[in-house]
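Contents: one structure, followed by commentary.
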Amino acid sequence: MASWGRRSSAVARRVSAFFTVDKAVQIRIGMRRYPFFNPAVSSALVPRPWPCVINMTSLFLVDRFTSSIAGSQADSRRADDDDNDNNYPAIDFPGGKVTYTTKLRFISGSSGKRIPCYRVLDDNGELLNNFNEVKKELAVKMYSDMVTLQIMDTFFYEAQRQGRISFYTTSSGEEAVNISSAAALSKDDIIMPQYREHGILLWRGFTLQEFANQCFGNKDDVGKGRQMPIHYGSSKHNFVTVSSPIATQLPQAAGVAYSLKMDKKDACVVAFIGDGGTSEGDFHAGLNFAAVMEAPVIFVCRNNGWAISTPISEQFRSDGVAVKGQAYGIPSICVNGTDALAVYSAIHAARNMAVNEQRPVLVETLAYRVGHHSTSDDSTKYRSLDEIEQWKTDRDPVNRFRKWVELNGWWSEREETELRSSVKKQASLMKAIQVAEGRKKPPLTELFTDVYHLPPSNLVEQEKQLRETVNKYPMDFPSDVSL
Amino acid sequence: MLGVVRKKMLGQSLLKIRPAVSMLRSYSSAAKQMTVRDALNSALDEEMSADQKVFLMGEEVGEYQGAYKISKGLLEKYGPERVLDTPITEAGFAGIAVGAAYHGLKPVVEFMTFNFSMQAIDHIINSAAKSNYMSAGQMSVPIVFRGPNGAAAGVGAQHSQCYAAWYASCPGLKVLTPYSSEDARGLLKAAIRDPDPVVFLENELLYGESFSVSDEVLDSSFCLPIGKAKIERVGRDVTITAFSKMVGHALKAAEILEKDGIDAEVINLRSIRPLDRSTINASVRKTNRLITVEEGFPQHGVGAEICASVVEESFAYLDAPVERIAGADVPMPYAANLERLAVPQVEDIVRAVKRACYRSVPLAAAA
């Protein structure tokens with residue numbers, strides 16, 4: 001650890017040649033080794049696009065916490081040269097060698113400068129640097145799916161408002177997080193969602209009819225009408241069934257990843273969580289454990305600013321969520337969740353890291369929850385209409401991406417009209433809803449199956465009794481239960 | 001063999017059965033002795049050997065050989081990939097195991113005591129128990145949660161609660177409660193092989209107890225059916241149901257009652273969910289009297305369920321009111337005298353049986 005301390009201060013001195021403290025240019029580089037930083041980049045908040053395979057051997061942290069000592073570049077947590085303690089060898093405490101310092105200095109709980117947010121496109125949909133990871137075919141599919149997702153959300157939301165389904169959650173404002181993540185992963189990667197990631201299912205081929213069937217809980221529902229709406233699950237699409245208790249999927253993701261690791265599969269697990277979910281105990285357990293087990297999981301925290309009515313300031317006091325990753329020994333990044341290309345590139349890089357290095361990665365996407373938490377919520381009660389409106393229009397991820405796709409000549413107004421108001425889309429969606437609504441509900445048998453692998457005798461008996469009762473007193477039972 | 005089960009080989013050298021049980025192929029008629037601890041260890045060993053997907057996870061299960069030495073020798077034999085020492089997070093490792101089970105592995109999760117399982121109970125109930133149903137059969141969870149349950153000796157309230165009733169009330173789970181070494185081996189093997197989530201409630205005080213085991217029990221393919229109770233002692237006059245440690249108490253009570261001319265039938269439940277209602281009811285229809293015994297709290301306990309079942313199905317056969325014996329309705333105290341008063345004793349069972357038989361019970365209570 002001593003040599004590491006010396007190395008980091010040596011690098012820090014080299015970096016200091018390019019920056020002075022009073023420019024207050026402090027770059028959070030997370031867990032990346034960044035041996036050379038181009039000073040010509042004017043905005044320190046735009047690092048170069050990450051290469052795909054990253055060497056994690058050293059922990060390099062430029063001082064991001066305000067240092068009161070002018071001219072001191074070295075980061076405050078590592079051994080300072082002026083501490084005089086490099087004469088003493090690093091001490092072998094359980095858990096690794098630690099060098100000493102004679103300076104009484106607490107690591108600040110918060111800093112003036114936050115971790116910068118990675119982006120590829122500017123507000124007008126123009127590239128800020130070279131980027132050629134996404135070609136036309138992929139871009140067009142990404143864009144179409146984002147639009148379909150938006151329309152689907154609108155329709156299902158309205159269906160709930162009309163009393164046709166009981167519940168719905170939209171992903172408005174996070175279409176890019178959904179679709180770009182899905183696009184950057186392979187179909188073998190196992191998704192463990194929270195509940196705002198149905199765009200991934202859409203990308204992977206879950207049909208509008210299948211979505212509608214689940215929301216209506218009819219007999220064609222893949223889930224046999226067992227779950228409330230939006231609790232989709234499809235083993236065929238490697239999408240683990242949505243589970244309501246928050247954050248339980250995080251340690252479970254580490255477990256699934258452990259299984260993949262034992263099978264040596266070229267796949268990883270991608271577990272989603274919201275900003276609010278990071279407060280759950282399972283967040284700590286999941287990340288900590290994944291790091292210890294060296295499990296190939298990508299933890300994606302969709303930080304959309306709100307957990308129902310709880311804003312970030314009441315959820316945690318850390319610098320977002322990405323900063324927490326380092327505490328667990330997990331490489332992390334903060335990404336602009338309204339920038340489809342940034343999300344794509346970050347998730348793609350994260351996947352390579354997770355699979356090739358067999359380790360967890362944390363990706364925090366910053367976005368805004370444009371819609372209400374769910375159909376049971378009216379967010380205008382706790383936030384201003386102006387705020388919602390601004391994010392809905394000015395920073396809409398779908399619009400930003402469309403601009404880029406159009407700039408490339410891959411999309412036009414004509415295609416836009418075709419896609420959006422095409423009879424296919426609207427009618428297809430409306431038709432799916434109508435068909436789903438009209439379909440029969442699951443038969444009585446499905447009340448008793450799947451509790452166990454094989455039905456136990458008491459359930460067999462109960463089913464028999466129920467059938468007899470329904471036959472005997474049909475007027476006491478709904479008429480649409482097929483026996 | 002069943003009556004011999006109670007024989008304790010105290011002070012004599014026990015025939016220790018090593019984990020590699022398959023070596024003992026001689027089918028001699030001499031009954032071997034095996035502690036419950038060794039029974040569990042051998043069952044784990046054999047199932048891990050037979051199926052690569054089975055792995056063990058929990059606090060101290062590896063290097064420490066198990067908090068109660070149940071997993072002794074397994075880390076050495078199977079390596080750290082299959083015997084995982086976990087950080088201290090019940091919620092964490094229960095969640096991980098459930099996730100691993102979703103993807104086809106067969107985890108055996110050890111809780112140091114089921115009292116700590118409460119920190120993980122969401123994963124057990126909301127994920128493990130309900131997933132197969134909620135996913136319409138797409139996500140099965142072949143997981144076993146095991147560990148000591150119920151009262152030990154002098155460990156106080158947070159280490160002594162019995163969780164049988166809690167877990168057994170949840171559809172989707174199977175709940176097993178072994179008593180003897182035969183139970184321990186057969187039921188643990190059955191639990192590991194079962195595709196459904198199983199809660200396996202052991203008892204710390206039984207770990208060191210020795211029981212006779214036949215060669216059939218020692219065979220690596222031995223397995224007991226889940227959902228079948230065992231009649232440990234056939235009787236005519238009264239049915240006593242019990243599980244785990246209380247089976248021993250009930251058998252002792254039966255011995256005492258025999259001297260008073262009461263022939264008690266003792267049923268070792270073995271399986272709380274599914275509960276073997278048919279065996280229990282058949283027995284009550286024979287004896288016409290029922291006493292249920294359990295260590296746990298009385299309200300909403302296992303005995304409550306058994307009594308309700310018997311009253312519903314065999315009411316006409318009852319010659320006396322059904323009676324439940326359970327632990328005191330207080331968090332377990334530590335002081336030895338108070339602890340003794342909080343847990344059912346053999347004498348409590350004897351007196352209850354006599355009440356059911358309308359025999360007079362001496363009014364002066366023994367201190």
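The shown structure was predicted, so the numbers you read here are calculated from the model rather than taken from an experiment. Chain letters run A, B, ... following the sequence lines, proteins first, then strands; residues in each count from 1. Worth knowing before you read on, the calculation uses all heavy atoms, side chains too, and leaves out hydrogens, waters and symmetry mates.
- In this structure, no portion of A:Val242 lies under 4.5 Å from any heavy atom of chain B.
- One finds the NZ atom of A:Lys224 at 9.5 Å from the OH atom of B:Tyr133 (value rounded to the nearest 0.5 Å).
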Problem set entry | B:Ile226/A:Tyr452 under side chain to side chain contact (heavy atoms under 4.5 Å, CB included): CA gap, chis, key distance, verdict | CA-CA 13 Å; B:Ile226 292 179; A:Tyr452 297 97; over 6 Å; no
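- Neither the backbone nor the side chain of A:Asp221 comes within contact range of chain B; no heavy atom of the residue lies under 4.5 Å from a heavy atom of that chain.
- Environment of OH in B:Tyr64: sparse, with no more than 12 heavy atoms of neighbouring residues, nucleotides or ligands closer than 6.0 Å.
- Using a 4.5 Å cut-off between non-hydrogen atoms, the part of residues 278-289 of chain A that approaches chain B consists of A:Asp282, A:Ala285, A:Asn288, A:Phe289.
- A 6.0 Å sphere centred on CD of A:Gln462 holds more than 12 heavy atoms belonging to other residues, nucleotides or ligands.
- Among residues two or more places apart in sequence or in another chain, the salt bridge (charged side-chain N to carboxylate O under 4.0 Å, His left out) test is passed with B:Lys286 by B:Glu265.
- Per-residue counts of heavy-atom pairs under 4.5 Å with chain A were compared for B:Lys53, B:Gln138, B:Met139, B:Gln52; the largest is that of B:Gln138.
- Between the CG atom of A:Asp450 and the OG atom of B:Ser135 there is a distance of 7.0 Å, given to the nearest 0.5 Å.
- In this structure, chain A has a heavy atom under 4.5 Å from the side chain of B:Asp122, while its backbone stays farther away.
- No part of A:Ser457 comes within reach of chain B, as not one of its non-hydrogen atoms sits under 4.5 angstrom from that chain.
- Of all the heavy atoms in A:Met262 and B:Glu81, the pair that sits closest is SD-O, 3.8 Å.
- Side-chain contact, A:Gln252 with B:Ser127: a donor N or O sits under 3.5 Å from an acceptor N or O.
- Side-chain atoms of B:Tyr102 and A:Thr241, non-hydrogen and from C-beta on, never get closer than 4.5 Å to each other.
- Inter-residue side-chain proximity for B:Pro142 and A:His453 is flagged as unmet; no heavy-atom pair is nearer than 4.5 Å.
- Heavy-atom distances place no part of B:Lys130 under 4.5 Å from chain A, backbone and side chain included.
- No side-chain heavy atom of B:His103 sits less than 4.5 Å from a side-chain heavy atom of A:Tyr258.
- Looking at A:Val269, neither its backbone nor its side chain comes within 4.5 Å of chain B, counting heavy atoms on both sides.
- Residue A:Ala253: no heavy atom, backbone or side chain, is found under 4.5 Å from chain B.
- Of residues 94-101 of chain B, those residues lying under 4.5 Å from chain A by any heavy-atom pair are B:Gly95, B:Ile96, B:Val98, B:Gly99, B:Ala100.
- For B:Thr86, the parts sitting under 4.5 Å from any heavy atom of chain A are the backbone and the side chain alike.
- Interface remark: A:Leu459 contributes no atoms to any contact with chain B (heavy atom separation under 4.5 Å).
- Taking OG of B:Ser278 as the reference point, atom CG of A:Asn458 lies at 11.0 Å (rounded to 0.5 Å).
- Put simply, CE on B:Met134 and CD on A:Gln227 are 4.5 Å apart, with the number rounded to the nearest 0.5 Å.
- Heavy atoms of A:Gln249 lying under 4.5 Å from chain B are absent altogether.
- With sequence neighbours left out, B:Glu47 forms a side-chain hydrogen bond (donor to acceptor under 3.5 Å, both in side chains) with B:Lys189, B:Arg193.
- For B:Leu275, no part sits under 4.5 Å from any heavy atom of chain A, backbone or side chain.
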